[in-house]
Amino acid sequence: MNHWLLKSEPDSFSIDALAKSPKQTSAWDGVRNFQARNMLRDFIKKDDLAFFYHSSCDVPGIAGVVKIVKDGYPDKTAFDAKHHHYDPDSKTDAPRWYVVDVKLVRKFKRIITLDELRPHAAKALKDFVLLRRGNRLSVMPVTKKDWEFVLTLE
DNA sequence: GCCAACGTTGGC
DNA sequence: GCCAACGTTGGC
């Protein structure tokens, strides 16, 4: 069982939006970066856990925990010419983009903010990809050690 | 296969 | 709205 961090802009999809989704479950769609795609397609597996991270917003930070409930499968939004995430290079017989399904496990009582995480970048969280300079990955692995440390901050 | 130009991300 | 960082594209 592995751990991950999934970024989302709360204006487009927040942890509250997930909480209101049917069965509190949703496809994690719209990822359009190959490195992140590879993780969705090949490495993230059912029953893995992930942090739900809010980016590009007033208070960037980790909002809660989700569980992967379905392995990677093709991102349908890439096939829809009217969709914001349409990609003509992704074909139904050769999909370019993938999603996993996630289910809400719990929303933290408060956001564990980026500001709170940063001071630990030198030591406790030195392997945390999120805190690496210039990091832009929207899907990233989290070590068990880092996962457990972050949970102590809540 | 190199690399400049361009677009996007994401914190501030 | 700015801009650093970095991924992708496309000409060569």
Side-chain angles (χ1 to χ4, degrees), chain A residues 2-21 26-44 48-66 68 71-102 104-143 145-147 149-154:
Chain A
N2 291 307
H3 300 87
W4 309 90
L5 181 143
L6 304 172
K7 277 188 198 170
S8 179
E9 301 188 13
D11 285 348
S12 48
F13 190 66
S14 67
I15 198 161
D16 289 330
L18 178 61
K20 286 179 201 142
S21 300
S26 171
W28 196 269
D29 60 25
V31 170
R32 297 292 180 267
N33 165 284
F34 290 106
Q35 218 182 329
R37 186 281 310 270
N38 292 346
M39 284 185 264
L40 292 175
R41 187 186 60 186
D42 303 328
F43 295 104
I44 302 186
D48 285 355
L49 294 173
F51 287 134
F52 193 127
Y53 181 84
H54 283 177
S55 67
S56 294
C57 57
D58 283 354
V59 187
I62 300 171
V65 174
V66 300
I68 311 306
D71 287 357
Y73 63 98
D75 186 341
K76 292 192 216 44
T77 66
F79 305 139
D80 178 357
K82 289 189 291 291
H83 198 282
H84 178 234
H85 294 303
Y86 176 57
D87 179 357
D89 292 334
S90 186
K91 314 289 186 193
T92 49
D93 59 348
R96 182 184 244 208
W97 306 114
Y98 281 72
V99 302
V100 294
D101 285 354
V102 303
L104 183 65
V105 173
R106 74 189 176 92
K107 179 184 167 182
F108 292 155
K109 289 186 195 72
R110 58 181 197 86
I111 304 263
I112 300 174
T113 67
L114 185 59
D115 282 349
E116 289 174 76
L117 295 167
R118 256 194 223 295
H120 301 289
K123 205 171 169 194
L125 295 177
K126 65 176 157 42
D127 300 321
F128 202 13
V129 178
L130 181 75
L131 301 175
R132 280 197 203 138
R133 195 162 139 276
N135 143 72
R136 293 185 345 190
L137 256 192
S138 61
V139 177
M140 67 187 75
V142 178
T143 66
K145 186 170 73 65
D146 288 351
W147 178 272
F149 181 82
V150 168
L151 290 178
T152 66
L153 299 175
E154 191 189 355

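The chains referred to below are lettered A, B, ... by the order of the sequence lines, with proteins before strands, and numbering in each begins at 1.
Nucleotide dT9(C) holds its P atom 11 Å from the CG atom of Asn33(A), rounded to whole Å. In this structure, CG of Asp11(A) is placed 14 Å from C1' of dT9(B), rounded to the nearest angstrom. The separation between Met39(A) atom CE and dG7(C) atom P is 11 Å, rounded to whole Å. If you take NE2 of His85(A) and P of dT8(B), they are 13 Å apart, rounded to a whole angstrom. In this structure, the CD atom of Gln35(A) is 7 Å from the P atom of dG7(C), given to the nearest Å. When rounded to the nearest whole Å, the span between CZ of Phe34(A) and C1' of dT9(B) equals 16 Å.
The side-chain contact (heavy atoms from CB on, under 4.5 Å) search around His120(A) returns Ala124(A), Leu125(A), Phe149(A), Leu153(A), not counting sequence neighbours.
A distance of 10.5 Å separates CZ in Phe43(A) from CG in Asn2(A), rounded to the nearest 0.5 Å.
Ring geometry for His3(A) against Trp147(A) counts as tilted: the plane angle lies between 30° and 60°, on a 0 to 90° scale.
Although no hydrogens or angles enter the test, the distance criterion places a donor-acceptor pair under 3.5 Å between the side chain of Asn135(A) and the main chain of Leu130(A).
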For the pair Ser14(A) and Asp16(A), evaluate side-chain hydrogen bond (donor to acceptor under 3.5 Å, both in side chains) and give the outcome as yes or no after the intermediate values.
-> CA-CA 5 Å; Ser14(A) 67; Asp16(A) 289 330; 4.9 Å; no
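Within 4.0 Å of Arg133(A), counting heavy atoms only, lie sugar-phosphate atoms of the nucleic acid but no base atom.
Under the 4.5 Å side-chain criterion, counting only non-hydrogen atoms from C-beta, Met140(A) is not in contact with Arg132(A).
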Could you list all N or O pairs between the protein and nucleotides 10-12 of chain B that sit under 3.5 Å apart?
unit_1  : atom_1 : unit_2    : atom_2 : d
dG10(B) : OP1    : Lys7(A)   : NZ     : 2.7
dG10(B) : OP1    : Arg136(A) : O      : 3.0
dG11(B) : OP1    : Tyr53(A)  : OH     : 2.8
dG11(B) : OP2    : Ser56(A)  : N      : 2.9

